[in-house]
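Atom set for the values below is all heavy atoms of this structure, side chains included, hydrogens, waters and symmetry mates excluded. Proteins get letters first, then strands, A, B, ... in listed order; numbering begins at 1 in each. These numbers were taken from a predicted model, which means no experiment stands behind them.
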Protein chains: 2
Amino acid sequence: MNGRSAQRLAKLQEALASGGTLHLRDAAELCDVSEMTIRRDLTTQASAISLLGGRLVMANYPGVTPIYDLTEQQASHYQAKYRLCQRALAFIEEGDTLFIDCGSTLMPLLSQLSHFNELTVVTYALNVANAVAALPNVRLVLLGGLFYPASQSFGSDNMAAAIERLGINKALISAAGVDLERGVSCFHFHEVAPKQAAIATAMQRLLVVDASKFGVVRPAYFAALDNFDVVVTDGEGAHSSQYLGCGNAPLLS
Amino acid sequence: MNGRSAQRLAKLQEALASGGTLHLRDAAELCDVSEMTIRRDLTTQASAISLLGGRLVMANYPGVTPIYDLTEQQASHYQAKYRLCQRALAFIEEGDTLFIDCGSTLMPLLSQLSHFNELTVVTYALNVANAVAALPNVRLVLLGGLFYPASQSFGSDNMAAAIERLGINKALISAAGVDLERGVSCFHFHEVAPKQAAIATAMQRLLVVDASKFGVVRPAYFAALDNFDVVVTDGEGAHSSQYLGCGNAPLLS
DNA sequence: CACTAAATGTTATAATTTTAACATTAACGC
DNA sequence: GCGTTAATGTTAAAATTATAACATTTAGTG
C-alpha cells in the first residue's frame with residue numbers, strides 16, 4: 001500500500017515489457033533501493049512481475065506465467081494430453097498444411113512438429129502462434145483480427161474467407177463439448193466461424209478431444225460429429241467406443 | 001553428443017511447449033534420471049530450454065529468452081529507448097486507435113499504455129501483440145498473414161486493405177534508416193505495405209527513431225520524411241536539428 | 001520540534017541452487 | 001569375458017538466493 005512501491009514496480013514492469021529478465025541486483029540499482037525493498041515490493045503488491053531464482057520476469061508471458069510449476073500431478077495430467085497429441089501426430093505427414101485450433105489441447109503437438117522438414121501451420125490463436133513461431137522449419141500463417149483474451153485467439157468478419165483461400169490439408173479441431181445428439185461445441189462464439197470454415201475447407205478433418213468432453217454440451221455449437229473424418233481421443237472405455245458406429249467418422253481411441 | 005540425452009531434452013521441451021515452468025526436480029523425475037543428468041544435458045547440448053533458478057523454461061519465449069540479462073550497460077541503453085518512448089507517449093490520448101509498428105523501438109511504450117482506460121492497438125508484429133495482449137484495458141487488433149521470423153511480423157496481400165478499413169487515429173512508425181534525400185527506410189520489404197497503408201490512413205503520423213538512424217539508408221524505402229506529421233527522436237545534437245525545417249514535419253527532439 | 005508509524009536498510013541465518021570431484025553403472029569393441 | 005570409455009549417480013563444498021529479525025531513516029502530525 002505504498003505509492004513509491006507501486007512506482008518502482010511500474011518502472012520495472014516497463015523495463016521488462018520488451019521481454020527479457022532483470023536480475024534482482026540490477027533491478028535494485030535501477031530503482032536506487034536495496035534488493036530487499038524490491039523483494040518486499042514484489043511480495044506486498046500484486047503485480048505482473050514474478051521473481052524466478054533471483055531474476056525478475058514478466059509473469060503474464062507464456063512460458064513463465066504459470067508460476068504454479070507443473071508438479072507431479074500436473075505432469076501426469078500433461079502425460080494424458082501428450083498421449084492424445086501423439087495419436088493426432090500419427091495423421092500428420094511431411095508437407096502438410098495444418099489448421100490448428102485454439103485452446104490448450106493441441107499445444108503438446110506443436111513442439112513435435114519440429115521433426116518434420118516442411119510444414120505449414122494455420123491458426124487464429126496467439127498461444128499456438130507463439131509456439132509455432134519458435135519452430136524454424138514450420139511456416140506460420142496467423143489469421144488476425146480482434147483479440148479475445150478468454151481464448152487467446154482472434155476473430156474477424158472475413159476470417160472464413162481468409163481460411164477458404166488457403167489450401168488446408170488437415171484441420172485439427174478441438175472442442176469443449178462432444179455429444180452424440182447435440183453435436184460438437186465450444187465456449188466462445190467467435191470461434192465458431194473459423195472452426196466451421198476450416199471444417200468446410202480442409203481435405204481431412206480431425207476432432208481432437210479427451211474423453212472428459214464426451215456427453216458435454218457447451219454454449220457454442222459448431223459441428224455435427226459426422227462432420228469429422230477422424231475422432232482422436234484418449235480413453236478406451238465404454239464412453240468413447242459408443243461413438244464408433246456413428247456417422248462416417250472412424251474412431252481412434 | 002548422446003542420443004538419450006537428446007531424447008530427454010526433447011521430452012522436456014515437449015512438456016514445456018504449452019508454456020509454464022518445470023522444476024529441475026520434476027524434470028529429473030519425469031525423465032527418470034538424476035537432477036545432475038538434466039543439468040548436464042542442458043549444458044552439453046544446445047537446446048531451447050534454459051535453467052532459471054532451478055526451473056526449466058523455454059528460452060525462445062519472449063520474456064525469458066534473452067538470457068543475457070539486462071546488465072547495467074543494457075539498462076542504460078534501455079533508458080535511451082525508454083526516454084524516446086516517453087516522448088512518443090505525450091502524443092497519445094485516451095480513446096486513441098494506434099497503429100504500432102514492428103521492431104523493438106516501440107516496445108517500451110506498450111507497458112505504459114496500461115495507464116489509459118480505453119485504447120485500441122493495431123499491429124502486425126508478434127512481439128507487439130504479445131505485450132499488448134497482457135494489457136487488460138487495451139483492445140488488440142492483430143493483422144495476420146505469413147510470419148516473417150526476421151522481423152517477428154506478419155505479411156499478406158490484403159494487409160493494406162485491412163488497415164484501410166480500420167479507423168486509425170495515430171500511426172507510430174519506426175524505421176531502420178532516415179535520410180534527408182533518400183527518405184525513410186527499413187530492412188524488410190514485407191514491412192513496406194503495412195507501413196505505407198498506416199501512413200496513408202492515419203490521421204496523425206509519427207516517426208519514432210533514435211538519432212543513430214539518421215543519415216542511414218536501408219534496402220526497403222517506404223516514405224519521405226515529410227510524409228510524417230511529427231518526428232520523435234532522442235538526441236538534441238546537430239544531426240537531428242538539421243531536419244527541423246524540412247517538409248511540414250515539426251520535430252520533437 | 002518531538003513523536004509516531006511507515007518505509008527502507010542491514011545483517012545474520014536458513015534454504016536452495018550450482019559446481020566440482022569422485023564413485024558407480026552401462027555400453028561397446030576385441 | 002575383459003578392458004575401456006562414456007554416461008550417470010552420489011556426495012560434499014561453494015555460491016547464491018530467501019527469510020527473518022532488528023536497526024535506521026524518512027514522512028507526516030500535533
Side-chain angles (χ1 to χ4, degrees), chain A residues 1-16 20-59 61 63-75, chain B residues 1-16 20-59 61 63-75:
Chain A
M1 298 301 193
N2 181 1
R4 217 156 325 162
S5 173
Q7 253 183 294
R8 279 193 297 267
L9 284 174
K11 188 171 191 174
L12 294 172
Q13 198 161 336
E14 281 154 18
L16 289 170
T21 71
L22 191 61
H23 196 106
L24 191 60
R25 177 170 35 255
D26 299 329
E29 197 179 336
L30 196 71
C31 297
D32 205 35
V33 291
S34 71
E35 296 187 15
M36 198 61 222
T37 302
I38 303 288
R39 277 183 192 282
R40 277 196 272 245
D41 288 346
L42 254 31
T43 52
T44 309
Q45 322 235 354
S47 87
I49 298 174
S50 68
L51 189 56
L52 212 59
R55 264 153 289 243
L56 290 107
V57 298
M58 283 299 269
Y61 266 124
V64 214
T65 316
I67 281 309
Y68 45 90
D69 300 10
L70 315 176
T71 58
E72 294 123 73
Q73 320 102 43
Q74 284 180 298
Chain B
M1 298 304 192
N2 180 2
R4 217 160 323 165
S5 173
Q7 252 183 294
R8 279 193 298 267
L9 284 174
K11 188 171 192 174
L12 293 173
Q13 198 161 334
E14 281 153 19
L16 289 170
T21 71
L22 192 60
H23 196 107
L24 192 59
R25 176 171 35 256
D26 299 330
E29 198 180 335
L30 195 71
C31 296
D32 206 35
V33 291
S34 72
E35 297 185 14
M36 198 62 220
T37 303
I38 302 288
R39 277 183 192 281
R40 279 195 270 246
D41 288 346
L42 254 29
T43 52
T44 310
Q45 321 235 355
S47 88
I49 298 173
S50 68
L51 189 57
L52 211 58
R55 266 153 286 245
L56 290 105
V57 298
M58 284 299 270
Y61 266 123
V64 214
T65 317
I67 282 308
Y68 46 89
D69 299 11
L70 315 176
T71 59
E72 294 124 73
Q73 322 102 44
Q74 284 180 297

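- Distances shown here put every side-chain N or O of B:His23 at or beyond 4.0 Å from the OP1 or OP2 atom of C:dT16.
- Residue A:Ile38 contributes atom CD1, which lies 15 Å from atom P of C:dA7 at whole-angstrom precision.
- Contact record, B:Leu30 with B:Lys11: O-NZ, 3.5 Å, taken as the closest heavy-atom pair.
- Annotation: the span from B:Met36 atom CE to B:Asp41 atom CG amounts to 10.0 Å, rounded to 0.5 Å.
- Closest of all the heavy-atom pairs between B:Leu42 and B:Leu51 is CD2-CB, 4.1 Å.
- Between A:Leu42 atom CG and D:dT17 atom P the separation is 15 Å, expressed in whole Å.
- Between A:Leu52 and B:Val57 the shortest side-chain heavy-atom distance falls below 4.5 Å.
- Side-chain atoms of B:Thr43 come within 3.5 Å of backbone N or O of B:Arg40 as a donor-acceptor pair.
- Per the geometry, CG belonging to B:Leu56 stands 12 Å off P belonging to C:dT17, to the nearest Å.
- Taking every heavy atom of both residues into account, A:Glu35 and A:Arg25 meet most closely at OE2-CA, 3.6 Å.
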Pick out the pairs of N or O atoms, protein on one side and nucleotides 9-13 of chain C on the other, that lie under 3.5 Å.
from  : atom 1 : to      : atom 2 : distance (Å)
C:dG9 : OP2    : A:Ser34 : N      : 2.8
C:dG9 : OP2    : A:Ser34 : OG     : 2.8
C:dG9 : OP2    : A:Thr37 : OG1    : 2.3
C:dG9 : N7     : A:Arg40 : NH2    : 2.6
C:dG9 : O6     : A:Arg40 : NH1    : 3.3
C:dG9 : O6     : A:Arg40 : NH2    : 3.3

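- When all heavy atoms are compared, the tightest approach of B:Gly53 to A:Arg55 is N-NH2, 4.3 Å.
- Rotation axes derived from the C1' atoms of the five outermost pairs at either end of the helix from C:dC1-D:dG30 to C:dC30-D:dG1 lie 30° apart, to the nearest 10°.
- Whole-Å rounding puts the A:Arg55 CZ to D:dT17 C1' distance at 10 Å.
- For the pair B:Ala27 and B:Ile38, the tightest heavy-atom approach, listed with the atom from each and the gap, is O-CD1, 4.0 Å.
- Under 4.0 angstrom from either OP1 or OP2 of C:dT8 there lies at least one side-chain N or O belonging to A:Arg8.
- A straight line from CG of B:Leu52 to P of D:dA18 spans 11 Å, rounded to a whole angstrom.
- Distance, B:Leu51 CG to C:dT16 C1': 12 Å, rounded to whole Å.
- Side chain of A:Asp41, nearest nucleotide from C:dT18, C:dT17, C:dT8: C:dT8.
- Of all non-hydrogen atoms in B:Arg8 and B:Cys31, the two that sit nearest each other are CD-CB, 3.8 Å.
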